[in-house]
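First the structure, in the form of structure tokens, and then the observations on it.
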Amino acid sequence: PAADKGLKDYYKDYFPVGVAVGPQSIKGPEAALIKAQFNSVTPENAMKMGPIHPEENRYFWTDADAIVDFAQANKLRVRGHTLCWHEQTPKWLFKDAQGKQVSKDVLLARLKSHIETVVKRYKGRIYAWDVVNEAIDDNPQAFLRNSEWYQICGEDFIVKAFEYAHAADPKAVLFYNDYNTERPEKRERVYRLLKKLKDAGVPVHGVGLQGHWSIFEPTEQELRTAIEQFASLGLQVQITELDVSVYPWEKERRARRPDESDAYTPELEQKQAAQYQMFFRVFRDYKKHLTGVTFWNVSDKYTWLDTYPVPGRKNYPLLFDQNLQPKKAYQAVVKF
Ligand SMILES: Oc1ccccc1CN[C@@H]1C=C[C@@H](O)[C@H](O)[C@H]1O
């Protein structure tokens, strides 16, 4: 009966719909919601370099294995996140035994070993990887982010990461992943990087538009332009970390102002439903190029946006409320 239809059923002729999960969300009521609504999962933290590879000679597999086992048991696809990123890195990664910054050769050897070990462990059970995350700088006047990866290796770490991942699992679909990819100044620089990689024959197969959007952005035209421009490179496009904040985007973490409200008013709910409705109408229009849409977290009960950029300010960015019930935004997404 219709009541049993979930998001994945409404979108079965369009693209898989996924959700970012942790060890807590693959049991209890969240697990039931995930199974009913989604057909793909992404580990929110468990496969980031720090959590999965805390010491040079020690990996921590428990959480990542639990998520992959849950996915296999419930016939859910798995997106791996993320093989090379400048945040949540382990403290040993960029240092030698004496605490000095390592050379380019040492760092690339460490990256190669990390990628081979992690990708081969899940070969055949993870269909897509976010190989490199957020390598483009936030400063419109700059190009690559001046991370320790870039300081030590220059831009080679990007090419090498994709080559190592492709060698480890030639069947995996390899993504470059970034945020604010609809803002023209960032879109153009992400496009420039991807075109350079494609022209050099680097095995990058898709671009992940994180989709950390809000009731204020992106516009429909910005979203359409971004999807079309990246697709023109022959890349798959996925929305990899979708949430729609009820506050404007901010880069820097800050304290909550004493008078700063975090009430979820009917007006905010209505604006959010309209924004989600527009996003999914655009997604459906681009089903030829869009091969997945993944939400970042399951429901408003827990969202990373309660901790960033303003710790303690409640946000309401997802389709399900704090009691795991569908919101107006859910209805706006499934009625088409
Ligand atoms: O929206 C942003 C603003 C500034 C920096 C990073 C981001 C997004 N960064 C994402 C968000 C949450 C993490 O769990 C993901 O791994 C990361 O890809």
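Everything numeric here is computed off the predicted structure, so don't read it as measured data. One-based numbering, in listed order, for ligands and for the atoms of each.
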- Message: Which residue is it: Val119, Leu174, Ile126? I am looking for the one with a side-chain contact (heavy atoms from CB on, under 4.5 Å) to Asp169.
- Response: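 So the option named by the test is Val119.
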
What is the closest protein heavy atom to [atom], and at what distance does it sit?
atom                    : value
atom 1 (O) of ligand 1  : Trp304 CH2, 3.6 Å
atom 13 (C) of ligand 1 : Lys48 NZ, 3.5 Å
atom 3 (C) of ligand 1  : Tyr308 OH, 3.4 Å
atom 9 (N) of ligand 1  : Glu134 OE2, 2.7 Å

Measuring centre to centre across the rings, with the benzene-like ring taken for any Trp, is [X] within less than 6.0 Å of [Y]?
X      : Y      : result
Trp213 : Phe279 : yes
Phe216 : Trp249 : no
His212 : Trp304 : yes
Phe336 : Tyr14  : yes

Short N or O distance, [X] and ligand 1, threshold 3.5 Å exclusive:
X      : answer
Gln210 : yes
Glu241 : yes
Asn133 : yes

- Task: Identify, by atom number and element, the atoms of ligand 1 in contact range of Trp85, meaning under 4.0 Å from any of its heavy atoms.
- Result: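 That gives atoms 16 (O), 17 (C) of ligand 1.
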
- Message: Taking 4.0 angstrom as the limit and counting only heavy atoms of Trp296, give me the atoms of ligand 1 inside it, by number and element.
- Response: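 Counting from 1, the qualifying ligand atoms are 12 (C), 13 (C), 14 (O), 15 (C), 16 (O).
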
- Message: Once side-chain hydrogen bond (donor to acceptor under 3.5 Å, both in side chains) is applied, do any residues pair with Thr117, and if so which ones, sequence neighbours excluded?
- Response: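 side-chain hydrogen bond (donor to acceptor under 3.5 Å, both in side chains) check on Thr117 returns Tyr59.
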
- Task: Would you please test Tyr10 and Val333 for side-chain contact (heavy atoms from CB on, under 4.5 Å) and show each step?
- Result: CA-CA 9 Å; Tyr10 289 100; Val333 163; over 6 Å; no

- Return yes when His81 approaches ligand 1 closer than 4.0 angstrom through a heavy atom, no otherwise.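 True for this residue.
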
